[in-house]
S.K.: 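Below is one structure. I have some questions about it.
Chain letters run A, B, ... following the sequence lines, proteins first and then strands; every chain starts at 1.
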Protein chains: 2
Amino acid sequence: MGGEPAHHDGVRPLLRKFDQRLNELIHALYPDEQQRPGYARLAREISAATGGSISGTYLWELATGKKRNITLEQLDVLAQFFGVPPEYFLNEEVSQRVKAQLALATALRDAKVRSLAMRASGLSPASLDSLLTIVNETRKVQNLPEGGHQGSGTDAGADGETTAT
Amino acid sequence: MGGEPAHHDGVRPLLRKFDQRLNELIHALYPDEQQRPGYARLAREISAATGGSISGTYLWELATGKKRNITLEQLDVLAQFFGVPPEYFLNEEVSQRVKAQLALATALRDAKVRSLAMRASGLSPASLDSLLTIVNETRKVQNLPEGGHQGSGTDAGADGETTAT
DNA sequence: TATCCCTGTTCGCTGGAGCGGACAAGATTG
DNA sequence: CAATCTTGTCCGCTCCAGCGAACAGGGATA
């Protein structure tokens, strides 16, 4: 008789896809898997950006589905950091709509930024500086780390981009 | 230097008006203050109607503001019982919209719905079917479960008083 | 090599979400 | 009147949300 353990999670739909949605946010905010920070560092960034507090351990537990019955306070911290309404974690429709927008933003970054870098290779240093300012301001709006350092070739190595490894 | 204790609750807006919103739901569902059940009985009705579990003590703590950092699981139980989307407790706009509709529903239930039911007893099956369609469409607008009947006990507060057990 | 930093993962703890059980006061019944 | 049922309120407990500290493994730098 048996069958699976059958966790009685299904009855309360609010917490079923929490881990999946959280991972979508993380992947959307850090598309490049190589540069994506770990849970500990991500937790530090969240605490610094939102003023709230969350631990790397708990982030991992949430992302891997070990814990899901989150509190309103922590939900608020996550929503604030990722720039999504708290309903994103509760409502499927809101989740889909936000997900689409996140995918769009990721796609834009993936293609447009690169072509921008290629075109920028012929500009004057003054123009490049202005563009850099704009990019940094945009990164602030998107909750990205303010360093805006480099990008393994995405934008810095604009010249001779074909050899980008 | 006195002044108030200044709890730093204000920074996390998600839990500020939780007690107020919960009380609005209770008052909307049981407009008659004399017949309104206490927290213990209300908790029993919630458990029976939703299959989830909540205690009278905790309901009182939530309604009086002693506790507010609720869990997603309990939030789901409350939202399911009161027939509102979970966002009602989080989003001010949703809260306002639902609140207006709850007031409307309360007013309707108070007088009109009863007379409607009485008058409907003499209508033809075809007319009743039309009315049923209208009611179901209205329920959709109010974010109520589409099933139609099944009422999960939410609307049980007003009826049955004439033939009380 | 060794040192350092970061990663994912686990263990064990603290604090508070959440509840059971009690209490006094008020209705209702006989 | 005494029972019996409510009600709101409180105390004290259990359990888990949430975290700190440590672990092993891997990539840098020297």
Side-chain angles (χ1 to χ4, degrees), chain A residues 7-9 12 14-16 18-19 22-23 26-27 30 32-48 50-81 86 89 145 147 149-150 152 165, chain B residues 7-9 12 14-15 18-19 22-23 26-27 29-30 32-48 50-81 86 89 157 161 164-165:
Chain A
H7 317 141
H8 44 285
D9 299 352
R12 297 261 88 85
L14 271 202
L15 4 100
R16 195 164 14 181
F18 191 91
D19 48 348
L22 176 59
N23 280 310
I26 297 178
H27 290 335
Y30 302 94
D32 190 352
E33 191 170 351
Q34 306 301 328
Q35 298 192 14
R36 174 157 49 234
Y39 295 110
R41 174 155 288 278
L42 181 58
R44 247 175 279 133
E45 291 188 12
I46 292 180
S47 298
T50 66
S53 76
I54 199 167
S55 72
T57 301
Y58 193 44
L59 265 183
W60 172 77
E61 290 172 327
L62 289 177
T64 57
K66 306 277 182 185
K67 304 271 182 77
R68 357 191 145 150
N69 197 15
I70 199 179
T71 311
L72 280 196
E73 195 157 14
Q74 302 290 89
L75 183 77
D76 196 25
V77 172
L78 290 179
Q80 180 181 346
F81 174 75
F89 294 100
H149 47 80
Q150 26 69 334
S152 72
T165 52
Chain B
H7 314 143
H8 43 285
D9 299 353
R12 298 261 88 87
L14 270 203
L15 6 99
F18 191 91
D19 48 348
L22 176 59
N23 280 311
I26 297 179
H27 290 335
L29 191 62
Y30 301 96
D32 190 353
E33 191 170 349
Q34 305 301 330
Q35 298 190 17
R36 173 157 49 232
Y39 295 111
R41 175 156 289 278
L42 181 60
R44 249 176 277 131
E45 290 188 15
I46 292 180
S47 298
T50 66
S53 76
I54 199 167
S55 73
T57 301
Y58 193 44
L59 266 183
W60 172 75
E61 290 172 327
L62 290 178
T64 56
K66 307 277 181 184
K67 305 272 183 75
R68 330 176 197 172
N69 197 14
I70 199 178
T71 310
L72 280 196
E73 195 157 15
Q74 303 289 90
L75 184 78
D76 196 25
V77 171
L78 289 180
Q80 180 182 346
F81 174 76
F89 293 100
E161 39 94 76
T165 69

S.K.: Going through the checks in order, is the side chain to side chain contact (heavy atoms under 4.5 Å, CB included) test met by A:H27 and A:R36?
M.R.: CA-CA 8 Å; A:H27 290 335; A:R36 174 157 49 234; 2.9 Å; yes

S.K.: Less than 4.5 Å apart, any side-chain heavy atom of B:F18 and any of A:L72?
M.R.: yes

S.K.: For A:P37 and B:L72, take the nucleotide of DNA chain C holding the closest heavy atom to each; which residue's nucleotide lies nearer the 5' end?
M.R.: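 Closest to the 5' end, via its nearest nucleotide, is A:P37.
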
S.K.: Please list residues of residues 51-67 of chain B whose heavy atoms come under 4.0 Å from any atom in DNA chain C, ordered by number; otherwise none.
M.R.: B:S53, B:I54, B:S55, B:T57, B:Y58, B:E61, B:K67

S.K.: Closest to the A:Y39 side chain: C:dG8, C:dA17, C:dG18?
M.R.: C:dG8

S.K.: Do the non-hydrogen side-chain atoms of B:I70 and B:F89 ever get within less than 4.5 Å of each other?
M.R.: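 Counting from C-beta outward, B:I70 and B:F89 never come under 4.5 Å.
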
S.K.: Find the distance A:N69:CG to C:dG18:P and express it as a whole number of Å.
M.R.: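 A:N69 atom CG is separated from C:dG18 atom P by 7 Å.
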
S.K.: Figure out the CD/P separation between B:E33 and C:dA27, and round it to whole Å.
M.R.: 13 Å

S.K.: Can you sort out the partners of A:E73 under salt bridge (charged side-chain N to carboxylate O under 4.0 Å, His left out), two or more places apart, ordered by chain and number?
M.R.: none

S.K.: Round to a whole Å and report the spacing from CZ of A:R44 to P of D:dA21.
M.R.: 13 Å

S.K.: Main chain of B:D19, side chain of B:N23: is a donor-acceptor contact present, judged purely on distance under 3.5 Å?
M.R.: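 Here the side-chain-to-backbone pair exists.
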
S.K.: Have a look at A:Y39 and tell me which of A:L62, A:L59, A:T57 forms a side chain to side chain contact (heavy atoms under 4.5 Å, CB included) with it.
M.R.: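 It is A:L59; the other options fail the test.
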
S.K.: In whole angstrom, give the distance that lies between atom CG of B:L75 and atom P of D:dA17.
M.R.: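 Rounded to whole Å, this separation is 15 Å.
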
S.K.: Report the distance from atom CZ of B:R36 to atom P of D:dT7, rounded to the nearest whole Å.
M.R.: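 My rounded result for the distance is 11 Å.
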
S.K.: Would you kindly give the CZ-to-C1' distance between B:R41 and D:dG8, to the nearest whole Å?
M.R.: 15 Å

S.K.: May I have the distance from B:L42 (atom CG) to D:dT9 (atom C1'), rounded to whole angstrom?
M.R.: 16 Å

S.K.: Verify the contact: side-chain N or O of A:Q74 to OP1 or OP2 of D:dC19, cut-off strictly under 4.0 Å; return yes or no.
M.R.: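 Checking A:Q74 against D:dC19: at least one side-chain N or O falls below 4.0 Å of OP1 or OP2.
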
S.K.: Please report the distance, rounded to the nearest Å, between CD1 in A:I46 and C1' in D:dG18.
M.R.: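 My rounded result for the distance is 14 Å.
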
